[in-house]
Amino acid sequence: MTAHLPAHLGIELIDAAHGAARARLPLGARHLAPTGRIHAGTLVTLADTACGYGCLASLPAGRDTFATIDLVTHLVGAARPGEDLEAVADLRHDGRTTQVWDATVTAGPQRRVIAHFRCTQLLMTSRLPRD
């Protein structure tokens, strides 16, 4: 995760296993929109990252990669710089070609729910580049 978007934003993977994953983000000024509120993209990226690492840990035999093909996020709360955000992802559908993941994003020591996220992952096999 060192050179990719999650690391650039400061997202830390806490754990990932078959069917579940957790990621954390210490919220700072760089995660805000020009309005001074948390940028929706920050929440989406945190939740999608948790689901993505859960998906990697849950790939069935014969599949070694995935792509997010659908996502929806409901923003239901706010967070302040200095608070830790946490995304907890759970596998809801474990198919041969797709997985559906839900994630809840919480903020602060009280773990206030600030977002609900759902995505569908297309499970694939890596292909060598064509000539």
Side-chain angles (χ1 to χ4, degrees):
M1 213 165 63
T2 58
H4 301 103
L5 179 63
H8 177 72
L9 291 178
I11 295 172
E12 305 164 10
L13 180 65
I14 298 170
D15 57 53
H18 184 86
R22 291 185 314 137
R24 174 183 169 277
L25 174 65
L27 190 61
R30 67 181 171 163
H31 304 112
L32 305 180
T35 61
R37 298 183 185 277
I38 188 168
H39 195 290
T42 300
L43 293 172
V44 171
T45 302
L46 175 60
D48 192 48
T49 298
C51 292
Y53 277 99
C55 185
L56 282 174
S58 304
L59 289 170
R63 309 290 178 172
D64 61 2
T65 192
F66 72 94
T68 303
I69 58 173
D70 180 64
L71 59 84
V72 63
T73 307
H74 297 277
L75 308 174
V76 297
R80 295 170 190 81
E83 290 186 307
D84 282 350
L85 304 183
E86 184 174 287
V88 177
D90 295 300
L91 180 60
R92 298 299 181 187
H93 165 73
D94 193 8
R96 289 182 304 112
T97 59
T98 61
Q99 290 180 355
V100 175
W101 287 81
D102 285 344
T104 301
V105 180
T106 59
Q110 304 84 13
R111 308 281 15 114
R112 298 180 321 279
V113 175
I114 61 170
H116 299 284
F117 175 91
R118 173 168 275 195
C119 66
T120 303
Q121 311 288 20
L122 177 64
L123 310 180
M124 303 179 294
T125 56
S126 299
R127 298 186 194 272
L128 296 174
R130 295 184 185 197
D131 294 294

According to a 4.5 Å side-chain heavy-atom criterion applied to Ile, Leu, Val, Met, Phe, Trp and Tyr, with indirect links allowed, do [X] and [Y] form part of one hydrophobic cluster?
X     : Y      : answer
Val44 : Ile11  : no
Leu71 : Leu91  : no
Tyr53 : Val100 : no
Leu5  : Leu85  : yes

Review point. Partners of Asp15 by side-chain hydrogen bond (donor to acceptor under 3.5 Å, both in side chains), sequence neighbours excluded?
Key: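 In terms of side-chain hydrogen bond (donor to acceptor under 3.5 Å, both in side chains), with neighbours along the sequence ignored, Asp15 is linked to Arg22.
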Practice item. Could you tell me which residues satisfy side-chain hydrogen bond (donor to acceptor under 3.5 Å, both in side chains) with Thr106, sequence neighbours excluded, listed by chain and number? Key: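 Counting only residues at least two positions away or on another chain, Thr106 forms a side-chain hydrogen bond (donor to acceptor under 3.5 Å, both in side chains) with Arg111.
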**Study point:** Heavy-atom check, side chain of Asp84 versus side chain of Glu86, under 4.5 Å
**Key:**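 Contact flag for Asp84/Glu86 side chains = no.
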Check your understanding: Would a 4.5 Å heavy-atom cut-off, applied to side chains only, mark Cys55 and Leu123 as touching?
Key ->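 Yes, close enough: below the 4.5 Å cut-off.
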Give me the atom names and distance for the closest heavy-atom approach of [X] to [Y].
X      : Y     : answer
Ala16  : Ala57 : C-CB, 4.1 Å
Pro60  : Arg96 : CG-O, 4.1 Å
Trp101 : Cys51 : CB-SG, 3.6 Å
Asp94  : Gln99 : OD1-NE2, 3.4 Å
Leu46  : Ala87 : CG-CB, 3.8 Å

Check your understanding: Hey, what else clusters with Leu122 if you join Ile, Leu, Val, Met, Phe, Trp, Tyr whenever side-chain heavy atoms sit under 4.5 Å?
Key ->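 Ile69, Met124, listed by chain and number.
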Can you give me every donor-acceptor pair (side chain of residues 32-42, partner residue at least two apart or in another chain, under 3.5 Å) with its distance?
| unit_1 | atom_1 | unit_2 | atom_2 | d |
| --- | --- | --- | --- | --- |
| Thr35 | OG1 | Arg37 | N | 3.4 |
| His39 | ND1 | Gly41 | N | 2.8 |
| Thr42 | OG1 | His31 | O | 3.0 |

Table please: side-chain donor-acceptor pairs of residues 112-121 below 3.5 Å, with sequence neighbours left out.
| unit_1 | atom_1 | unit_2 | atom_2 | d |
| --- | --- | --- | --- | --- |
| Arg112 | NH1 | Glu83 | OE2 | 3.0 |
| Arg112 | NH1 | Gln110 | OE1 | 3.4 |
| Arg112 | NH2 | Ala78 | O | 3.1 |
| Arg112 | NH2 | Glu83 | OE1 | 3.0 |
| Arg112 | NH2 | Glu83 | OE2 | 3.2 |
| Arg118 | NE | Asp102 | OD1 | 2.5 |
| Arg118 | NH2 | Asp102 | OD1 | 3.2 |
| Arg118 | NH2 | Asp102 | OD2 | 2.9 |
| Gln121 | OE1 | Thr68 | N | 3.2 |
| Gln121 | OE1 | Thr68 | OG1 | 2.8 |

**Study point:** Residue pairs involving residues 56-67 (criterion side-chain hydrogen bond (donor to acceptor under 3.5 Å, both in side chains); sequence neighbours excluded)
**Key:**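 Passing the test, one end in residues 56-67: Asp64-Ser126.
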